[in-house]
*Asks:* 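Structure incoming, see below.
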Amino acid sequence: MQINKVLVSDKCNDAAFDVLRKRNIQVDLKTDLSKEQLIETIKDYDALVVRSATKVTADVIEAGKNLKVIGRAGVGVDNIDCKAATKHGVLVINAPGGNTIAACELTCLMIANMARPLYLACEKMKQGVWDKESFKGFELMGKTLAIVGLGRIGRDVAHRMQAYGMRTIGYDPFVSAEESKKFGVESMTLEQIWPQADIITVHVPLIESTRNLVNATTLAKCKKGVRIINCARGGTIDEKALLEALQTGQCGGAGLDVFEEEPCKFTQLLQHPKVICTPHLGASTAEASVKVVEEISAQFCTLIETGNKFVPGAVNAKELYTLGALAIDSTNWLKSTYSRMKRTKQIGGTDQMMETQLNRCLSTFDITLLGIGHMVGSGVYVLTAPIAKKAAGPAIVVAYIISGFASLLAALCYAEFSVRFPRAGSAYSYTYLVLGEFWAFTVGWNMVIENLIGVAVVSRACSAYIDSLLGRMIKEYTLSVVSYPLGLNLVSEHIDVFAFLIVVIFVIFLTCGVRVSSYINNIFSMINILVILIIVGVGGVFADKRNWNLPDKGFMPFGWRGVFAASASCFYAFIGFDSIATSGEEARDPQKSIPIATMISMAFATLAYVGVSAVLTLMIPFDEINDESGLPDALGRVGAEWAKFLVIAGACSGMVTVLMGTMYALTRIVYAMAEDGLLFGWMSKVNDMTQIPLKATYFFASIGALLALFVDINTLVEMMSIGTLLAYLVVSASVIIVRYQVVEPMHQVLSNASDDQQELNELSNDSRRGSNESDPSSCRYKRASGGSFASIDPPQFALIQFMRSLFSRSKLNRVIPKSLPITCVFLMIFSIFTLCGLGPTLIKASEQNVAWLLTIGFLAIILAVSFALLALHPQENIPLRYKVPFVPFIPTLSIVFNAALMTNLQSLTWLRLLIWMSLGLIIYFAYGIKHSNLDPESNKVNTNFRHWGSTDDHRVLTDTAADSASISSAY
């Protein structure tokens, strides 16, 4: 959409329009225009911005020959003829979030003044009268506050008044009882509310179903002396009935900021001694006047950039689309689809980030053992034996060190995001914040299959270990009784019924809730840790160094390529720290617990893998290792029969924790994706009793159980790791982008206000560490008043300081596109992937044709230049409790490791990725892109079901332009 001229017809903060002026858009402030003057003036303008004073009638809209959009710097649009706007193809947008705090605080002040009439006492004091008896008030503690309309303002009022000890009840047909319980409001019908309320505050729009909502009939049903507050919309309260109730004593007082007619001429009501009245001041704060204009300006920017009229706050976009006013050709459709694919989630305030349907009950200790249990079991008891035998030999020790180091680099990046955004979803959620919706879905969808395969692998391995203890009785019985008689041997060589039952058993444990599951996990994790120490100790006694140097095989029988291929598969062993990140909504203090738990569990897991793989390959030759139960068989062969049985018991304990951790991570990722609207809504439903997503748990556990039943362990192992590697790579890239992204103050990709972050940091009792403590780059530089960086280190950093000064954020905003960091990161990833995947082939080809060396050199130059541009770019300096050190070096190194390991995966793994992603893309484009919470279309409501509701939630759009006001708030 092209907008060249904007008319502002009501008093607004002019400086807030600077973001439009920077785009060379003419913004004219012309206030106090008569209707005739407005009709004459509007002809030359593409957009109109109003507050509540200007009445945008059908005549005004018809006169606007070039008019494309009307912006309401506030929420209520009842001063705009939305039907006429729709008829003429004019988009109407509002600013639903700008004045929420102002209206909420005015409401709370009205309630407080109902309890303690300070204004009257003050007036008497100024008249020289000392009168204590006439102004005796009442306490709010224990009183019942009824909130009619539970949108943003209603919820904020509830939150603040609960601090006074008030009981809060409410009604809103848009909000379920389960939802209202989250913010402490008892959901009731209107008929239940009237007789219980001591004070009633109304937060509904003015539509036919809410006109005179509080009337003589409803007032008669209330307690005698009830107080009425209206800071929403005039006309929702019958003023004549209210006056009569005040006169009879049925109503004990009223606080009114809005009236049926403004300016109000109903002097009998205004002059009543029990009425507090203000001249529509709900949004009249210095902050709100700026916020609403900034929000409208940002929406105009979005319209200009994307052309997509389904922007946040769009009131009549659906009607325009239906009428064909948004007739979209194929080019615009592609542009719109691309815009939706790259839309990013924004970080809300502290309350929003910490609110969750899940149960915040996990300590740092719980989360650490969750990570250790998830990582150590799979690596030690599942992966080590088959990979050592078929891929790396004794060099599996090196493979684990490489995987551990690469995982640690990614873990550092995860830890920073867990501080920035302590929510469930892990890499999926972090990618949504930075790279956008499509990449987030891609990462999340691959993490789902990765965890599904993990469930099947570990349950198969657990079955094999128990079967080994019983002398293969289970396998032989299954083959003779189930597989051969039913012909299932044609489907799979080994139908593992016991593995299927193991998954079912653990799902039963998980349904008990995260607290119970955590206790079980902690017990088995500690058993697992003890067993690993025993394995390393006993294995060391029977170690034979000759097994690391077998004739014609040596330490690296498969060479370095085998080591790297093994490292790629070993990566799955470290997926456990990803489960730590998924606990963001169940940790008591996620900002403290998740980084600490990540580092401790990573360190222990790496030492455990290296130790166990070393003793396994030292006890027996690598080519004689049993694929499915390597450790117990090896101990049995060297004569440590007692250790064999202990290891089997310990291995089962370890795999208990892996199964629980894997299913935990799986369901939380699915929950996060479903809650965002990208997967089916029923997958995000949380059970009231257990506070876990039960339906998602049952559904995906069933898929995992079927994989365990039919697919053998070797095939499953070969299919693992690519989803994990992709997630690590994307999160590492996202850290670079979020640190270097140049953003406009009004149109951010990632909103992370420092004051909200500071509040989050205060959740822990530990003292916060600012950026100067946690980020080594900030130890050398501090931001000077001019926006550049001043050196506080020795002179050797002077050159770097000078170079960075050339790339100051203010200069970069003027001369380079804001997408430069993203472009540099993608160029780096492309170069790294090409060099890792085709490098050996290109080097070999260069022996025949030197030109191929130029290709390698060209890619290396692209990589070096991209890295240098990022390194010289100034970073954002928001204080966080933890930041990745040495950015962009560490994230880039993580990208290199992940890309190198991905290019060494087997072709079957890439085929699995192609098939799984094909299914995922069908789901995303058929369902997710339309139902995403960021898509206004996904939040339409059926007006046959709901007549009015959350008055200040712009996401709720009605099906007719006539009821467009039902999305509006008081201002």
Side-chain angles (χ1 to χ4, degrees), residues 1-21 23-95 98-99 206 233-235 258-265 279-286 288-297 299-300 303-304 313 315-316 961 964-965 968-971:
M1 179 184 291
Q2 188 172 359
I3 299 176
N4 297 318
K5 297 179 67 177
V6 177
L7 173 64
V8 182
S9 62
D10 286 331
K11 293 178 181 178
C12 293
N13 185 284
D14 187 57
F17 290 108
D18 286 347
V19 67
L20 297 178
R21 294 189 177 101
R23 294 176 177 267
N24 296 319
I25 297 173
Q26 178 181 330
V27 181
D28 297 330
L29 187 63
K30 299 180 180 180
T31 61
D32 301 322
L33 297 176
S34 65
K35 180 179 178 180
E36 292 72 22
Q37 290 173 321
L38 181 59
I39 289 173
E40 183 63 30
T41 306
I42 196 64
K43 295 177 181 178
D44 301 324
Y45 289 90
D46 303 301
L48 172 65
V49 176
V50 301
R51 294 210 69 184
S52 58
T54 299
K55 306 300 179 186
V56 187
T57 62
D59 294 339
V60 173
I61 295 170
E62 187 173 357
K65 302 300 181 184
N66 299 323
L67 193 60
K68 300 181 182 73
V69 57
I70 301 170
R72 166 69 166 94
V75 185
V77 292
D78 47 347
N79 58 322
I80 300 172
D81 191 330
C82 292
K83 278 187 176 180
T86 302
K87 178 181 176 182
H88 289 85
V90 177
L91 179 68
V92 178
I93 60 177
N94 66 352
N99 53 32
L206 180 61
R233 272 290 176 260
V258 289
F259 305 90
E260 291 181 25
E261 181 184 358
E262 295 183 0
C264 182
K265 300 176 181 176
H280 205 141
L281 298 179
S284 296
T285 65
S289 64
V290 174
K291 287 178 185 177
V292 290
V293 178
E294 287 178 341
E295 192 169 345
I296 287 294
S297 297
Q299 290 164 339
F300 279 11
L303 284 170
I304 294 166
V315 174
N316 63 337
S964 292
S968 48
S969 173
Y971 308 99

*Asks:* Is there a side chain to side chain contact (heavy atoms under 4.5 Å, CB included) between I93 and F300 once you walk through the steps?
*Replies:* CA-CA 9 Å; I93 60 177; F300 279 11; 3.5 Å; yes
*Asks:* Partners of D10 by side chain to side chain donor-acceptor pair (under 3.5 Å), sequence neighbours excluded?
*Replies:* T54
*Asks:* List the atom of L20, the atom of S297, and the distance in Å for their closest heavy-atom pair.
*Replies:*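 Closest heavy-atom pair between L20 and S297: CD2-O, 3.8 Å.
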*Asks:* Going from CG on N316 to NZ on K87, what distance comes out if it is rounded to the nearest 0.5 angstrom?
*Replies:* 14.5 Å
*Asks:* Considering non-hydrogen atoms only, spot the tightest contact between V77 and C82 and give its length.
*Replies:*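 Result for this residue pair: CG2-SG, 4.1 Å.
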*Asks:* Side chain of Q299, backbone of N94: donor and acceptor closer than 3.5 Å?
*Replies:* yes
*Asks:* Nearest 0.5 angstrom please: K55 NZ to L38 CG, how far?
*Replies:*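 That separation rounds to 12.5 Å.
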*Asks:* What closest approach, in Å, do V27 and R21 show between heavy atoms, and which atom pair accounts for it?
*Replies:*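 In terms of heavy atoms, the two residues are closest at O-NH2, 3.6 Å.
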*Asks:* By side chain to side chain donor-acceptor pair (under 3.5 Å), which residues pair with E62, not counting sequence neighbours?
*Replies:* none
*Asks:* Of all the heavy-atom pairs spanning A73 and I296, show the shortest one and how long it is.
*Replies:* CA-CG1, 3.9 Å
*Asks:* Using modelled atom types only, decide if a donor and an acceptor are shared between the side chain of N79 and the backbone of R51 within a distance under 3.5 Å.
*Replies:* yes
*Asks:* Starting at CD1 of I25, measure out to CD1 of I3 and round the result to the nearest 0.5 Å.
*Replies:*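 So the CD1 of I25 and the CD1 of I3 are separated by 6.0 Å.
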*Asks:* State the CG-CG distance between D18 and N13, to the nearest 0.5 angstrom.
*Replies:* 9.0 Å
*Asks:* Provide the closest heavy-atom pair for V293 versus A16 in the form atom of the first, atom of the second, distance.
*Replies:*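 Scanning both residues, the minimum pair turns out to be CG1-CB, 3.4 Å.
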*Asks:* Do L7 and K30 pass the side chain to side chain contact (heavy atoms under 4.5 Å, CB included) test, and can you show the C-alpha distance, the side-chain angles, and the key distance before you say yes or no?
*Replies:* CA-CA 7 Å; L7 173 64; K30 299 180 180 180; 3.9 Å; yes
*Asks:* Can you tell which of V56, V60, L48 makes a side-chain contact (heavy atoms from CB on, under 4.5 Å) with S9?
*Replies:* L48
*Asks:* Show your working on side chain to side chain contact (heavy atoms under 4.5 Å, CB included) between D46 and Q2 and close with a plain yes or no.
*Replies:* CA-CA 8 Å; D46 303 301; Q2 188 172 359; over 6 Å; no
*Asks:* Only one of D28, N4, N66 clears side-chain hydrogen bond (donor to acceptor under 3.5 Å, both in side chains) with Y45; which?
*Replies:* D28
*Asks:* If you measure from NZ on K65 to NE2 on H88, what distance do you get to the nearest 0.5 Å?
*Replies:* 7.0 Å
*Asks:* Does the pair T57 and D81 meet the rule for a side chain to side chain contact (heavy atoms under 4.5 Å, CB included), with working shown?
*Replies:* CA-CA 5 Å; T57 62; D81 191 330; 5.5 Å; no
*Asks:* Any donor and acceptor pair, going by atom type alone, linking the side chain of N99 with main-chain N or O of G74 inside 3.5 Å?
*Replies:*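 No; judged by distance alone, with no hydrogens or angles, the pair does not exist.
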*Asks:* Drop me the distance from K43's NZ to L67's CG, to the nearest 0.5 angstrom.
*Replies:* 13.5 Å
*Asks:* Do you know which two heavy atoms are closest between R72 and S52, and how far apart they sit?
*Replies:*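 Closest approach of R72 to S52, heavy atoms only: NH2-CB, 3.7 Å.
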*Asks:* How would you list, by chain and number, every residue that makes a side chain to side chain donor-acceptor pair (under 3.5 Å) with K11, sequence neighbours excluded?
*Replies:* none
